[in-house]
Amino acid sequence: MTARGTSAAPAVGWIGLGDLGLPMARAIAEAGFPLHTWARRPVSLDGLSGVPHVRHNDIKDLAAASDIVALCVGTDDDVLRVAEQLLDGLRPGAVVVNHGTGLPSVAVQLTEMCGTAGVEVLDAPVSGGRPAAEEHRLTTMVGGPQPVAERCEKVFTSFSRHVVHLGAAGAGQTAKLFNNALLMLNQAAIGDIVDLATQLKLNVPQLVEVLKLGSASSAALTLLNTMVTPDTVQHLSAVEALDMELFDQAMGEAGIDCAPVTARGLTGARGLPGLLGRLNP
């Protein structure tokens, strides 16, 4: 659906210009999609300098101008609050996309809430971090109706290397939570190996660099001292711990006891600063 005709590029509204949201929004504009923006703090829109975009002072005006509105905001509560404001301006057939990480059950709730106004919803969290966003190589995990996902795919590919549709509402969030949980489990395993290597008085930084080159390599290893740095590690550790708690809540809502996995994942998340410290003596 597009108010400008089926052959025109859909107008994309964007809300959330943080660490990931800003390079994603820039990629959309650079790909030729009409970009509409709104922010609670207008100064944050200055990050879009140099790419074509239309700034809106009222979120309802952004909604009325957009065929697709993408959200890259902090929490599920933020998503629901912003979506409620958007519904006064969105036309039937418009699409709301949540690129943040959250609960599958909230993705279903958002779908039901927007459905009363004839608005479609996709949960489409991304993985790869700021470097991947800047290089347009994120992985986007999509939940929601297949036809709606297909309508939005070209927008997603503007900032993604991989776009995968996984199923109905909530499927994208479930995949993202498993992705994050496995990253943290791998970090815990790396911590175990580094502890043993330290007891053997090995050169731990050199060992880790060798492991990155062999069959032991993983994203958890390669992110150390690249995306995970002394400047970012405390923040990333805290964010990971929150994501692990989301994972545990999602499994609990599904009636699954995942206590051992949650405990191990939290070990990996909370142990990240110490692990990085041993690699930077």
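Positions are given from 1, in the same order as the sequence printed here.
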Nearest atoms (heavy-atom pairs only) where [X] meets [Y]:
X	Y	result
Ile28	Ser158	CG1-OG, 3.4 Å
Leu221	Ala216	CD1-O, 3.5 Å
Gly18	Arg130	O-NH1, 4.2 Å
Leu276	Pro230	CD2-N, 3.4 Å
Glu120	Pro145	OE1-CG, 4.1 Å
Arg26	Ser49	NH1-O, 3.0 Å

Donor-acceptor check, side chain of [X] to backbone of [Y], threshold 3.5 angstrom: yes or no?
X	Y	value
Arg270	Ser237	no
Ser217	Gly214	no
Glu245	Thr262	no
Asp76	Leu103	yes

Are [X] and [Y] linked, directly or through other ILVMFWY residues, by side chains that come within less than 4.5 angstrom of each other?
X	Y	answer
Met251	Val106	yes
Leu48	Ile15	no
Leu17	Val82	no
Val73	Leu177	yes
Val108	Leu87	no

Residue set satisfying side chain to side chain contact (heavy atoms under 4.5 Å, CB included) with Glu135, at least two apart, ordered chain then number -> Arg137
With sequence neighbours left out, the residues meeting side chain to side chain contact (heavy atoms under 4.5 Å, CB included) with Asp257 are Ala259
Exactly one of Met141, Glu150, Glu153, Gln146 clears side-chain contact (heavy atoms from CB on, under 4.5 Å) with His165, and that residue is Gln146
Interatomic distance, [X] atom [atom1] to [Y] atom [atom2] [nearest 0.5 angstrom]:
X	Y	atom1	atom2	result
Leu166	Phe178	CG	CZ	11.5 Å
Phe159	Thr139	CZ	OG1	11.0 Å
Thr222	Leu213	OG1	CG	11.0 Å
His235	Glu240	NE2	CD	10.0 Å

Take atom NZ in Lys212; do more than 12 heavy atoms of anything else shown fall under 6.0 Å from it? yes
Practice item. Decide if atom CG of Asp46 counts as having more than 12 heavy atoms of other residues, nucleotides or ligands within a radius under 6.0 Å. Key: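 Count over threshold, so yes.
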Test side-chain hydrogen bond (donor to acceptor under 3.5 Å, both in side chains) on Ser127 and Asn179; report intermediate values, then the result. CA-CA 8 Å; Ser127 179; Asn179 175 84; 3.3 Å; yes
Could you point out which residue of His99, His56, His53 forms a ring-ring contact (aromatic ring centres under 6.0 Å, His included) with Trp14?
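It is His99; the other options fail the test.
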Inset, instruction - Kindly indicate, with the supporting measurements, whether the criterion side-chain hydrogen bond (donor to acceptor under 3.5 Å, both in side chains) is fulfilled by Asp78 and Thr75. - result: CA-CA 5 Å; Asp78 294 328; Thr75 68; 3.1 Å; yes
